[in-house]
Structures are given as C-alpha cells and as structure tokens.
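The block underneath contains the structure these notes are about, expressed in structure tokens.
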Amino acid sequence: MITFLSGGTGTPKLIRGMRAYVDDREIAVVVNTAEDIWLSGNHLSPDIDTVLYLFAGILNTETWWGIRGDTFLTHEELLRLGEEEYIAVGDLDRAVHIARAAMLNRGLSLTSATARLASSMGVRARVLPMTDTPVATWVQTDAGPLHFQEYWVKYRGKRNITGVMRRSEEPPQATREVLDAIRSSDAVIIGPSNPITSIGPILGCEGVRDALKKQDVISVSPFIGNEPVSGPAKALMEASGYEPNSAGMQRLYKDFCDIVVQDIRDPVRIEGSVQLDTIMSNKEKSIQLAGEIISLVTQK
Ligand code: GDP
C-alpha cells in the first residue's frame, strides 16, 4: 500500500506513473482541499477532481484540470448572462460540482461525497479529502486579502503577495480515513506538489505530522534551483519565509521526511538526497520516475 499526499498537478503526474507498478486498490491519495470553493452555486474541489479524473482515465492531461474533450457551453452562457464565473468550468466537470454540492447540502461529509463520486466513476483507488472541516488558503496582497483561487485564477498570480493564511472556523482535523491510510501504508510519497498551498494544508490537519513521523516518507522536490517547475510556488514560499527551492522544502518537511528526491539539474545541495530526472513531461517519464522511487522504497 502506498499513500500519496497530493495537490493537483505535480503529484498526480507521479501517480500516473505509479499506476504502472501498483494496482489502484493499493493506492490511497490524501488530497488538499484548501483550494475548494463554492462557485455559481456548486462545489469545486479542484485537487480532488484532478485526482478522481486521473484514476477514471478522463483527466485532461494537457492542463491537469478538467475533463478531456469537455465543452464550455454553460460557462459561456453564464458569462453572457453577466455572471462573473472566473474559473472556466467545463460542462461535464460542472456536473460533478453539482453532484458534490447536492450531497454536501444533504449533509454528507466531503469524504463520503468523494467516495460516492469515486465509485460512480469506477475509481478503485482511495481518494481521501485531507479533512471534512471547511478550510481555505488566502493570500495577503497589495490589494488586500484574496482567496487563493482568486489570486491565481482571477488575477493570474499578478499580485504581490506578502503573506499566506489558512482560514477555517475550527482547526481542521485529519479524517480517520486519512490517518488510517498513512498508518497502514508501506510508504508515504509526497510528490512534487506546492509545499505551501498543496502540502502545507494537509500537514496543517491535526494528526497528520504525528502519523508521518512514524512512517517512511519520501518527498520529491517541485523546484530546480530557485524556481518551481511551474506555478506560483516561488512567491508563496518567499511570502511564507522559506527559500523557494529544495532546501526550503526540506525545512518544511524536516521533522518527518526520510528521503528527499531532487531533480538531476537542481544545483541546490541537500545532504543525503537522491538525484533523479523528475521532469514528467509525458507518461513514460512519469513511469520511469515512479519505478525509481519504488526501488528507493524497497531498498529501505
Ligand atoms: P496545484 O494544486 O495545481 O498547485 O498542483 P501541485 O501542488 O500538485 O503541483 C504544483 C507543483 O508541481 C509546482 O510547484 C511545480 O513546480 C511542480 N511540478 C509540476 N510538474 C512537475 C514535474 O514534472 N516535475 C517536478 N519535479 N515538479 C513538477
């Protein structure tokens, strides 16, 4: 059993490769929910959707969000009607958000709603929201505080950020399912996901860090030198007081991480790290990296 901690791009790329070696039923994925948002009356859980669509074989792997071949008729009509839907939601994708919203409104937990969606999509891996407590990542910007989705999607990351906050009415608790998955797995893999907005919220759920300390944990860096492979991780690391590189990531994970994997092109020195080609530009490269990571787990 392998458990991943995941956001919506880097780690899913690694999971895509791992599926060549490990049956989906032996994979659990603890997924960030701090980017969740209610939009046009429905519930988007962007990272959960990416992971569900990946296992269901319908993910658009050009963008790493949304459903391959989806249409955007409803989105376009909403804009024409004057609704400010700042995320381009596809029609089929929207059906999932509608179904999730309906289940949450009927009183189901996010964990149960996700399990039902997974089962309807034929997903056999365990896709686990990190918590059932609503929680959101906000950033402090020149123009005041913004929900992370607004900062990244609406303003395309073009705002200076000076701080990162997590907002929730009560401290987020990891679910029993999440802690069970971490405890019962042979290894926990943190793929190359954003340490602040994707992995940070998972680590912030009560119980996760303690469970990780008792496990073999491997983390793959999303940085090469002082730049992430893609996305806003640099500004977020800096605004949180960390170097935007593999050393900064290691500092964030140091109390539980056993093996750091860096890219072979990464000039940042980390004692004891393993250097591999981590750029998963296609499925074959994902499979190659996943194979190398499995050998690290079995060597331990
Ligand atoms: P998000 O939810 O879309 O932000 O997705 P994640 O947090 O899961 O992944 C974003 C991170 O993935 C970024 O910081 C990128 O640097 C990293 N990333 C994306 N593709 C790759 C890749 O092929 N290799 C590595 N090493 N990192 C990657």
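Just so you know, ligand 1 is whichever comes first in the structure, and atom 1 is the first atom listed for that ligand.
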Using a strict cut-off of 4.0 Å, indicate which atoms of ligand 1 neighbour a heavy atom of [X].
X: Asp47; result: 2 (O)
X: Ser221; result: 26 (N)
X: Asn194; result: 6 (P), 7 (O), 9 (O), 10 (C), 11 (C)
X: Ala233; result: 14 (O)

Do any nitrogen or oxygen atoms of [X] come within less than 3.5 Å of a nitrogen or oxygen of ligand 1?
X: Gly8; result: yes
X: Pro222; result: yes
X: Ser198; result: yes

Using the six-membered ring wherever Trp is involved, compare the ring planes of Tyr151 and Phe148 and label them parallel, tilted or perpendicular (cut-offs 30° and 60°).
tilted
The answer for which part of Ile224 has a heavy atom under 4.0 Å from ligand 1 is neither
Within the 4.0 Å heavy-atom cut-off, what Ser193 brings close to ligand 1 is both
Can you pull out the closest protein heavy atom to [atom]? Residue, atom name and distance to 0.1 Å, please.
atom: atom 20 (N) of ligand 1; answer: Lys13 NZ, 2.9 Å
atom: atom 15 (C) of ligand 1; answer: Ser230 O, 3.2 Å
atom: atom 5 (O) of ligand 1; answer: Thr9 N, 2.9 Å
atom: atom 23 (O) of ligand 1; answer: Met280 N, 2.9 Å
atom: atom 24 (N) of ligand 1; answer: Thr278 O, 2.7 Å
atom: atom 17 (C) of ligand 1; answer: Pro192 O, 3.2 Å

Q | With sequence neighbours excluded, residues passing side chain to side chain contact (heavy atoms under 4.5 Å, CB included) with Val164 | A |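 Val164 satisfies side chain to side chain contact (heavy atoms under 4.5 Å, CB included) with Thr137, Val139, Ile196, Leu236, Ala239, Ser240 once adjacent residues are dropped.
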Could you tell me if the side chain of Asp91 sits less than 4.5 Å from the side chain of Asp70, heavy atoms only? yes
Sub-3.5 Å donor-acceptor pair from the side chain of Thr33 to the main-chain atoms of Asp36, do we have one?
-> no
Quiz item: Which is it for Asp210 and Lys214 under the salt bridge (charged side-chain N to carboxylate O under 4.0 Å, His left out) test, yes or no, and what are the steps along the way?
Solution: CA-CA 7 Å; Asp210 283 343; Lys214 300 185 187 113; over 6 Å; no
**Prompt:** Which is closest to atom 9 (O) of ligand 1 by heavy-atom distance: Gly10, Ser6, Pro228?
**Reply:**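 Nearest option to atom 9 (O) of ligand 1, by heavy atoms: Gly10.
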Option with minimal heavy-atom separation from atom 28 (C) of ligand 1, where the choices are Val261, Leu289, Val229: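 Residue with the shortest heavy-atom distance to the ligand atom: Val229.
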side-chain contact (heavy atoms from CB on, under 4.5 Å) with Tyr253: of Val217, Val260, Leu212, Leu203, only one passes, and it is Leu203
Margin query: Just by distance, no angles: are the side chains of Thr111 and Ser109 close enough, under 3.5 Å, to form a donor-acceptor pair?
Written below: no
Notebook entry, point to check: Under 3.5 Å, is there a donor-acceptor pair between the Ser273 and Gln262 side chains?
Noted result: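 Note: Ser273 and Gln262 side chains meet the donor-acceptor criterion.
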Problem set entry | Within 45° cone and under 6.0 Å: Lys213 NZ/CZ vs Phe256 ring |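 No, Lys213 does not lie over the aromatic ring of Phe256.
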*Shared ILVMFWY cluster between Ile182 and Ile189, side chains joined below 4.5 angstrom?*
no
Open item on the list: For Arg116, I'd like to know if atom CZ has over 12 heavy atoms of other residues, nucleotides or ligands within 6.0 Å.
Closed with: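 Check fails, neighbour count at 12 or below.
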